[in-house]
Amino acid sequence: MTVRVRFAPSPTGFLHVGGARTALFNWLFARNVGGRFILRIEDTDRARSSDEMTDAILDGLKWLGIDVDEGPFFQAAGIERHKADATLLFERGAAYRCFCTPEDLASRREEARRTGAGHGYDGRCSSIDEDASAARVESGEPFALRVRVPDGRTEWTDLVHGSMSIDNATIDDFIILRSDGTPVYNLAVVSDDFDARVTHVVRGDDHISNTPKQIILYEALDRPLPVFGHVPLIMGPDGKRLSKRHGAMSVLAYEDAGFLPDGMMNFLALLGWSPGDDREVMDRAELIEAFSVERILKKSAVFDLEKLEWLNGRHIAGAEAGRLSPMVRSALVEEGLDALDETRLRDVIDLVKDRPRTIPALVGQVRPFFAGTLDFEQAAVDRFWKKPEEAAQVLRSLDQVFGELDGPWTPEALEAAIRGLAERLEMGAGRVINPLRVALMGQGVSPGIFEVVELMGPDLVAQRLGTALGYLDAKAAMG
RNA sequence: GCCCCCAUGGUGCAACGGCUAGCACAUCACUCUUUCAAGGUGGAGAUAGGGGUUCGAUUCCCCUUGGGGGCACCA
């Protein structure tokens, strides 16, 4: 039997980190075992659902590269089937009519809260006999349908938690059909999962308490149970629920912040799961290959942005320049740097991609190779151009040395020239190289300087030196 | 209040009931004297507490504590 899993978000919000991780685990599971990944949008709460949010969820999955085999299906489309199942439950005596009004229920709940009693439904309508019940329907009294929770215990073997058990006495008779005839979540889920022939229900820990209710429904409906698995939730750095400040925003916000989908996926996969060895940097093929539900942890994990950044940096460093170039290009185009030569762009990316952890940081390293003018980073200026006169002198000498270079600009030739100059000036190579780096890159970080000079080429280097000298002379004049 | 789940350094993960509790992020040193956001080396840092079971518990059981989730005519 092929594994069929589903991701079933409600379109009342975007795809946040937690949802994305749940989707990812389902997807990795399906891909690992050659199963099917189904997407179902749970839009039965019409008031809170919107098409925009549905699109946002779809976009989020697409960005991450989580492709859907079946769907998206919409829960609201199955409403007639849900009602039929509710009717079936009623006819079998597994559900009964409840004539309590929402207002009554709310005030009784409030009363219970005050007196410290249990919050649950007291089951008062469960004992209304059939004739009386029918008569009240006849008189036009509205009613909801409640499940008659049987005595005993409900138990299941959870894919991640192992054996789980709860006393049914602690479960209230819950509503499956509202008085307006619309189905409620737990019924709709059971009905849909059965209909879609879902074999494994893998969802967040926050659904643990729904599972026994759904199992009760499956059994009352006399339908085979899927396997349930509850994955731990993701917490914020404070150990509390993930807040907007951290990860409760759309995963697409991470795209905007310059993260790679592969980096994000890798990071999410490592939250509550590991391949069992010390591997951490993995591409999607490796994740799929290594994934197993058995290795999902039971404890919740904290979202660590710094680790995400590090991991993303590793993915940038490992990515082919051709995959990075569209992102870098569009960022540069936005700054007005048009018509960049693709081959050259890729050469630059390959040179600089080791260090940056995000796309903006990568762009910051690429920019100096294309920009007409450059801003000099204050921190770099303070550190390496501390004495403007000396820095200017060094740069002038460098300009001259470069001009006198005959033969091609190879890293070796450049190194010899630059180190030679340092020797003649009787200063350490760093005192020449660092001011040069600031002049060329505008910042204190770059790849090896000889490669930078080589790739920039004589024209741009001369131009940069000129700009830097102008800056330094002005700075010197100001004292 | 009731029910359920969880517990290895600050964080993410390892450790058939059996070496000195391992790796990574972060952090601190040092190093590469060409910068660091890259590389390398090293340091500090954890089995929540208490009881059992066992020759032996991070691992199995119980209690306590702590954290999380749930308890709607929301999903």
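Atom set for the values below is all heavy atoms of this structure, side chains included, hydrogens, waters and symmetry mates excluded.
Rounded to the nearest Å, the gap between the P atom of B:C19 and that of B:U58 is 10 Å. Between the C1' atoms of B:C25 and B:A72, the separation comes to 41 Å (whole Å). Of the P atoms belonging to B:U65 and B:G50, the separation is 15 Å, rounded to the nearest Å. Look at the C1' atom in both B:G17 and B:C4: the space between them is 29 Å, to the nearest Å. Across B:A24 and B:A44, the matching P atoms stand 15 Å from one another, rounded to whole Å. B:G40 and B:U34: their C1' atoms are spaced 16 Å apart (whole Å). Taking atom C1' in both B:G39 and B:U20, the straight-line distance is 29 Å, to the nearest Å.
For the ring-ring contact (aromatic ring centres under 6.0 Å, His included) test, residues two or more places apart in sequence or in another chain that qualify with A:F376 are A:W385, A:Y471. Taking A:F402 as the reference, A:W409 meet the ring-ring contact (aromatic ring centres under 6.0 Å, His included) condition, with sequence neighbours excluded. In this structure, the side chain to side chain donor-acceptor pair (under 3.5 Å) partners of A:E390, at least two apart in sequence or on a different chain, are A:R431. For A:R295, there are no salt bridge (Lys or Arg N to Asp or Glu O under 4.0 Å) partners, not counting sequence neighbours. Residues meeting the salt bridge (Lys or Arg N to Asp or Glu O under 4.0 Å) test with A:R314, sequence neighbours left out: none. Not a single salt bridge (Lys or Arg N to Asp or Glu O under 4.0 Å) links A:E454 to another residue, sequence neighbours left out.
OP1 or OP2 of B:G69 has at least one side-chain nitrogen or oxygen of A:R241 nearer than 4.0 Å. Not one side-chain nitrogen or oxygen of A:S209 sits closer than 4.0 Å to the OP1 or OP2 atom of B:C3. The phosphate of B:G70 (OP1 or OP2) has no side-chain N or O of A:H207 nearer than 4.0 angstrom.
Remark: A:R40 fails to qualify as a cation-pi partner of A:F7 under the 6.0 Å distance and 45° angle criteria applied to the six-membered ring. Figure legend: A:R136 and A:F99 shown as a cation-pi pair, the cationic atom lying under 6.0 angstrom from the six-membered ring centre and within 45 degrees of its axis.
Atom CD of A:Q214 and atom C1' of B:G70 are 13 Å apart (whole Å). Atom CG in A:N186 sits about 13 Å away from atom P in B:G70, given to the nearest Å. For A:K213 and B:C4, the NZ to P distance is 14 Å, given to the nearest whole Å. Look at CD1 on A:I175: it is 11 Å from P on B:A75, rounded to the nearest Å. Regarding A:D172, its CG atom lies at a distance of 14 Å from the P atom of B:C4, rounded to whole Å. As a whole-Å value, the separation of A:M282 CE from B:A24 P is 15 Å. Distance A:L271 CG to B:U11 P: 13 Å, rounded to the nearest Å. The interatomic distance linking A:F174 (CZ) with B:A72 (C1') rounds to 13 Å, in whole Å.
Checked by atom type and distance alone, the side chain of A:D195 never pairs as donor or acceptor with a backbone atom of A:S191 at under 3.5 Å.
Evaluation of atom-type donor-acceptor distances gives a pair under 3.5 Å for the side chain of A:S179 against the base of B:C73. With hydrogens and angles ignored, no donor-acceptor pair closer than 3.5 Å exists between the side chain of A:D277 and the base of B:A14. The base of B:A7 does not come close enough to the side chain of A:K298 for any donor and acceptor atom to sit less than 3.5 Å apart.
In this structure, A:L297 reaches the sugar-phosphate backbone alone: every heavy-atom distance under 4.0 Å involves primed, P, OP1 or OP2 atoms, never a base. Counting non-hydrogen atoms under 4.0 angstrom, A:R295 reaches the backbone sugars and phosphates but no base.
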Taking Watson-Crick (N1-N3 plus N6-O4 or O6-N4) and G-U wobble (N1-O2, O6-N3), each under 3.5 Å, can you produce the dot-bracket string of RNA chain B? Use [ ] for crossing pairs and | for inter-strand ones. (((((((..((((....[...)))).(((((.......)))))....(((((..]....))))))))))))....

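Contact annotation: the side chain of A:E294 never approaches that of A:W273 to less than 4.5 Å [non-hydrogen atoms, C-beta and beyond]. With a 4.5 Å cut-off on side-chain heavy atoms, A:F29 and A:L24 do not count as touching.
Each of A:S126, A:S133, A:S179 was evaluated against A:R97; a single residue qualifies, A:S133, per the side-chain hydrogen bond (donor to acceptor under 3.5 Å, both in side chains) test.
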Within the sub-3.5 Å range, which N or O atoms of nucleotides 61-64 of chain B have a protein N or O partner, and how far apart are they?
none

Every protein N/O within reach of nucleotides 19-23 of chain B N/O, cut-off under 3.5 Å:
residue: B:C23; atom: O4'; partner: A:D278; partner atom: OD2; Å: 3.4

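Of the two residues contacting RNA chain B, namely A:P183 and A:S274, the nearest-nucleotide position lying further toward the 5' end is that of A:S274.
Nearest to the side chain of A:I208, among B:C4, B:G68, B:G12, sits B:C4. For A:D304, the side-chain atoms get nearest to B:C25 when compared with the rest of B:C6, B:C25, B:A14.
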Verdict with supporting geometry, A:T182 and A:L177, side chain to side chain contact (heavy atoms under 4.5 Å, CB included): CA-CA 6 Å; A:T182 59; A:L177 208 62; 5.9 Å; no

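For A:F291 and A:F25, the ring centers sit closer than 6.0 Å to each other.
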Which parts of nucleotides 29-48 of chain B does protein reach within less than 4.0 Å, heavy atoms only, written one letter per nucleotide 5' to 3' as B for base, S for sugar-phosphate only and - for none? -----BBBBBS---------

In residues 355-365 of chain A, what donor-acceptor pairs under 3.5 Å come from side-chain atoms, sequence neighbours left out?
residue: A:T358; atom: OG1; partner: A:A361; partner atom: N; Å: 3.4
residue: A:Q365; atom: NE2; partner: A:Q443; partner atom: OE1; Å: 3.3
residue: A:Q365; atom: NE2; partner: A:V445; partner atom: O; Å: 2.9

Return a table of donor-acceptor pairs under 3.5 angstrom between the side chains of residues 265-272 of chain A and protein atoms on other chains or two or more places apart.
residue: A:N266; atom: OD1; partner: A:M282; partner atom: N; Å: 2.8
residue: A:N266; atom: OD1; partner: A:H315; partner atom: NE2; Å: 2.7
residue: A:N266; atom: ND2; partner: A:E280; partner atom: O; Å: 2.9

